[in-house]
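Scope of the values below: all heavy atoms of this structure, side chains included, with no hydrogens, waters or symmetry mates. Throughout, a chain's letter reflects where its sequence line sits, starting with A, and its residues are numbered from 1.
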Number of protein chains: 2
Amino acid sequence: MRARTTIKDVAEAAGVGVATVSRVLSGGSASPQTRERVLAVAAQLDYRPSALGRNLRQRRTGGIGLLVPDVTDSFYGRVADGVLACARAAGEPVIMGVTGDDAESESELIGMLLEQGVERVVAVPSGDHEPWGPAVRAGLTVVFADRRATGRDDIPAVLADERGGVRTAVEYLVGLGHRRIAYLGGHGQGQRAAAFRDTLGALGVTVDEELVVFGRATRDSAYAAASGLFQHRPDLTALVAGGNQLGEAAVLAARELDLRVPRDLSLIMFDDVPWAELCAPPLTVIAPPAQDIGYRAAELVLRSAGRRARGVSLPTELIIRGSCGPRR
Amino acid sequence: MRARTTIKDVAEAAGVGVATVSRVLSGGSASPQTRERVLAVAAQLDYRPSALGRNLRQRRTGGIGLLVPDVTDSFYGRVADGVLACARAAGEPVIMGVTGDDAESESELIGMLLEQGVERVVAVPSGDHEPWGPAVRAGLTVVFADRRATGRDDIPAVLADERGGVRTAVEYLVGLGHRRIAYLGGHGQGQRAAAFRDTLGALGVTVDEELVVFGRATRDSAYAAASGLFQHRPDLTALVAGGNQLGEAAVLAARELDLRVPRDLSLIMFDDVPWAELCAPPLTVIAPPAQDIGYRAAELVLRSAGRRARGVSLPTELIIRGSCGPRR
DNA sequence: CGCCCTCATGGAAACGATTCCATCATTATT
DNA sequence: AATAATGATGGAATCGTTTCCATGAGGGCG
C-alpha cells in the first residue's frame with residue numbers, strides 16, 4: 001500500500017510551510033497566488049486531509065453516531081435513511097450500531113462511540129435509562145428518535161404524534177360502530193397504549209383491559225399474542241396493531257383462524273410499509289413520518305452542538321385503505 | 001463538557017509512566033503489581049483510550065465502511081444487518097453511507113471514507129467501475145456484496161448464486177407448462193437476465209426478447225415497466241421479477257389489470273421479504289441469503305487485511321408458496 | 001521620510017495514543 | 001564473584017493536522 005500523501009508533501013511540493021497549506025485548505029487568509037499554487041499542487045497530488053489528524057487536534061470527531069434497534073425493520077430502516085440523508089448533506093460521516101432493543105448492547109455501543117470520539121448521537125433508545133447516564137456525563141449530545149428513554153426527559157426527542165395518530169384511528173373505528181376494539185402493542189410503546197385507552201375513555205367506550213395485550217419484538221412472540229387474543233376473545237371486532245411487525249402478525253393470525261378482514265375483523269396498523277398496499281385487502285394504516293423523524297433528529301443533533309434543544313412532535317397521517325369496515 | 005481523562009491522567013494517578021499504562025492496557029508485559037494498580041486506577045477514572053490517538057499513531061482506523069444503494073430496501077437492510085452483526089462481533093465500528101446506486105455519490109462517499117482513514121470497505125457497488133479505481137489505488141481493502149462492479153474482477157465479491165436461483169425458478173415454471181415467460185429486471189442485474197436467457201435456451205424454449213424488460217430502481221419506473229409489459233403482451237403466462245421492488249410493482253400492476261395470480265399469471269420474485277407471505281396469494285420466491293451475504297462479506301474484509309481473497313457464491317432457495325400454477 | 005499597522009507566512013506546540021530505545025535492577029551462568 | 005541475560009520501566013519520538021505566535025515585508029498616513 002502506497003504511503004498517504006500528507007500535508008507536508010503538499011507544503012514541500014508547493015514550496016510553502018504546512019501552516020499555509022492548512023490555512024488555504026480550511027479557508028483562512030492567504031495571498032491569491034499562494035492559494036492558487038497550493039490548490040493546484042493539492043489537486044495534482046490528490047491530497048485528502050486526514051480526518052484523524054484533524055480530529056485529534058480539535059479533540060472532536062465531527063461524525064454522528066446512530067443507534068437503532070433493528071435495521072431490518074422497515075420503520076427503523078426509514079429512520080436511519082433520514083439520518084443518513086441529513087448527515088450526508090452536512091458532510092458528516094455516520095457510525096451506525098444495532099442495539100436489538102437490548103440495554104446492554106446499547107451500553108456497549110455507546111462506549112464504542114465514546115472511544116471513537118463521536119460526540120453527537122441520534123438513537124432510538126431501548127427504553128432503559130441506564131445506558132444514557134454515562135453518555136451525557138461524558139458530554140455526548142444526544143437526540144432521541146421515535147421513542148424516549150424513561151426518566152431522561154432532559155434529552156430532546158423527535159417523535160411521531162402517536163397520541164394524535166392513535167386517537168384518529170380509534171375515533172375512526174368507533175365511528176364505524178366498533179366497541180370491542182383491541183390493542184396489540186410492542187416494546188416501549190406505552191405511549192400508544194395510553195393514547196388508546198384515553199381515546200376510548202373520552203368517547204365513552206369502557207376499556208376492556210383484556211383487549212390490551214403486548215408482544216415482544218420478535219415475530220413469533222407477536223404472532224402468539226395476536227393468535228391468543230383472537231382465540232380467547234372471539235367477540236372483538238377491531239384491532240389496532242402498534243407497529244408493522246405486530247400488524248404482520250395480526251394479518252397472519254387472522255388468516256390462520258379464518259377471520260375475514262374487514263368483514264369479521266377491522267384492522268388498523270401503526271406504520272405504513274410497502275406491503276400494506278399489497279395485502280388483501282390493503283391495510284388501513286396510521287403512517288408516521290419515519291424518514292422525517294430521522295432527518296429532523298439528525299438536524300437537531302447537528303445544530304444543537306452544545307446548547308440544549310427542544311424536542312419536536314411530527315404529525316401522523318391516517319391512510320384509509322380497505323381493512324376496516326362497519327361492525328358486523 | 002468535562003475534559004476527557006487521558007492516558008497521562010491515568011499514568012500520574014498510578015504513579016507510573018504513560019508507556020507502562022499503554023502496555024498494561026494493550027496486553028504488553030508488566031509486573032503483576034503494576035498491572036493491577038494501573039487497571040484499578042483506569043477503572044476508577046473510567047478511562048477509555050481514545051481511538052483518535054491510537055489510530056493516528058498506527059495510521060489506520062480499524063473500522064469498516066459500508067456502502068449500500070438504499071437502506072430502505074428490505075434486501076439491503078438485511079445485508080447491512082449482516083455486516084453490522086459481524087463488525088460488532090469483531091468490535092469494529094461501521095461507517096455507513098447510502099449511494100442511491102449513483103456513481104457520483106459513490107465516489108463522494110469513498111472519498112469520505114478515505115478521509116476518515118477507513119481502510120476496509122464492504123459495498124454493494126452501483127455497478128460503475130469508475131469510483132473504485134481511486135479506492136484500490138489508495139490502498140483500500142474492498143469486498144463487494146451482492147453485485148460486482150463491471151470490469152473490477154480483481155475485487156472479491158460475496159454473491160448469491162443468481163444463476164442457480166434463476167435456473168431453478170425457470171425450470172419450475174417450464175415444468176408447470178409455461179412457455180411464454182417474461183423477465184422483469186432492474187439495475188445492475190445483467191447476471192440474472194443472462195441466467196434467465198441461458199436456462200430458457202437450455203430447456204429448448206426460444207427466448208422472446210420482447211419479454212425481457214428492465215425498470216429503473218424507482219417504484220414508478222418499475223410499475224410502468226410491468227404494466228407496459230402486461231398490456232403489450234397479454235399472451236405471457238408467467239413472470240420472474242428480479243428483485244423485491246420489481247416484484248411489488250408486478251403484483252400491483254397485475255392487480256390493476258385484473259390479472260388473477262396464479263390463474264392468469266404465475267409470478268416468481270427474486271428475494272424473500274416479509275410481505276411475500278402476506279400477499280394474496282402468498283408469493284413464490286427465490287430467496288437469497290441476504291443477511292449471510294453481508295456477514296460473509298464483512299468476515300472476508302476483516303480477515304483479508306492485506307492479502308488478496310477469493311470471493312464466494314452462496315446458494316439461494318426456491319420457496320414455493322402460492323403464486324405459481326399450471327399454464328392456463 | 002519615518003512610523004505603525006496590516007497582512008502573509010512559516011516554525012513549533014499541541015492533541016492522545018503507541019512504540020522504540022535506553023536505563024536500571026535482578027537473576028542466572030561460568 | 002564477575003559478567004551476561006532477562007525483564008520491568010520511563011523518556012521521547014512519532015503519527016497528521018490545526019493554531020498560536022513571531023517575523024518580515026509592504027503600504028498608508030502623519
Check: Bend angle of the helix from C:dC1-D:dG30 to C:dT30-D:dA1 from five-pair axes at both ends, rounded to 10°?
Finding: 50°
Notebook entry, point to check: To the nearest Å, how far apart are B:N55 CG and C:dC15 P?
Noted result: 19 Å
Next item on the list: Ignoring hydrogens and angles, tell me if any N or O in the side chain of B:R147 forms a donor-acceptor pair with the backbone of B:P125 under 3.5 Å.
Entry: yes
Check: Sub-3.5 Å donor-acceptor pair from the side chain of A:S26 to the main-chain atoms of A:S22, do we have one?
Finding: yes
Margin query: So B:G15, base contact, sugar-phosphate only, or nothing? Heavy-atom distance under 4.0 Å.
Written below: sugar-phosphate
Next item on the list: Round to a whole Å and report the spacing from CD of A:E12 to P of C:dG11.
Entry: 11 Å
Margin query: Testing the 3.5 Å rule here: is there a donor-acceptor pair between the side chains of A:S74 and A:R78?
Written below: yes
Check: Hey, is the side chain of B:S29 poking within less than 4.0 Å of OP1 or OP2 on D:dA8, counting only N and O atoms?
Finding: yes
Next item on the list: Could you tell me which non-hydrogen atom of B:V83 sits nearest to which non-hydrogen atom of B:G294, and how far apart they are?
Entry: CG2-O, 3.3 Å
Just distance, no hydrogens or angles: give the donor-acceptor pairs under 3.5 Å from side chains in residues 7-17 of chain B, sequence neighbours left out.
unit_1: B:D9; atom_1: OD2; unit_2: B:T6; atom_2: N; d: 2.8

Check: Whole Å only: how far is the CZ atom of B:R35 from the P atom of D:dG10?
Finding: 14 Å
Check: CD of A:E36 versus P of C:dA8: gap in Å, rounded?
Finding: 16 Å
Notebook entry, point to check: Between the main-chain N or O of A:P93 and the side-chain N or O of B:Q116, is there a donor-acceptor pair closer than 3.5 Å?
Noted result: no
Note to self: If the cut-off is 4.0 Å, is B:T34 near the phosphate of D:dT9, judged by side-chain N/O to OP1 or OP2?
What the structure shows: yes
Margin query: Looking at A:D102, is its backbone amide N or carbonyl O close enough to the side chain of A:S126 to form a donor-acceptor pair, meaning the two atoms are under 3.5 Å apart?
Written below: no
Note to self: One character per nucleotide, please: for nucleotides 15-25 of chain D, 5' to 3', B when the base has a protein heavy atom closer than 4.0 Å, S when only the sugar-phosphate does, - otherwise.
What the structure shows: BBBBBB-----
Notebook entry, point to check: Any idea which heavy atoms bring A:S105 and B:R88 closest together, and the distance?
Noted result: OG-NH2, 2.9 Å
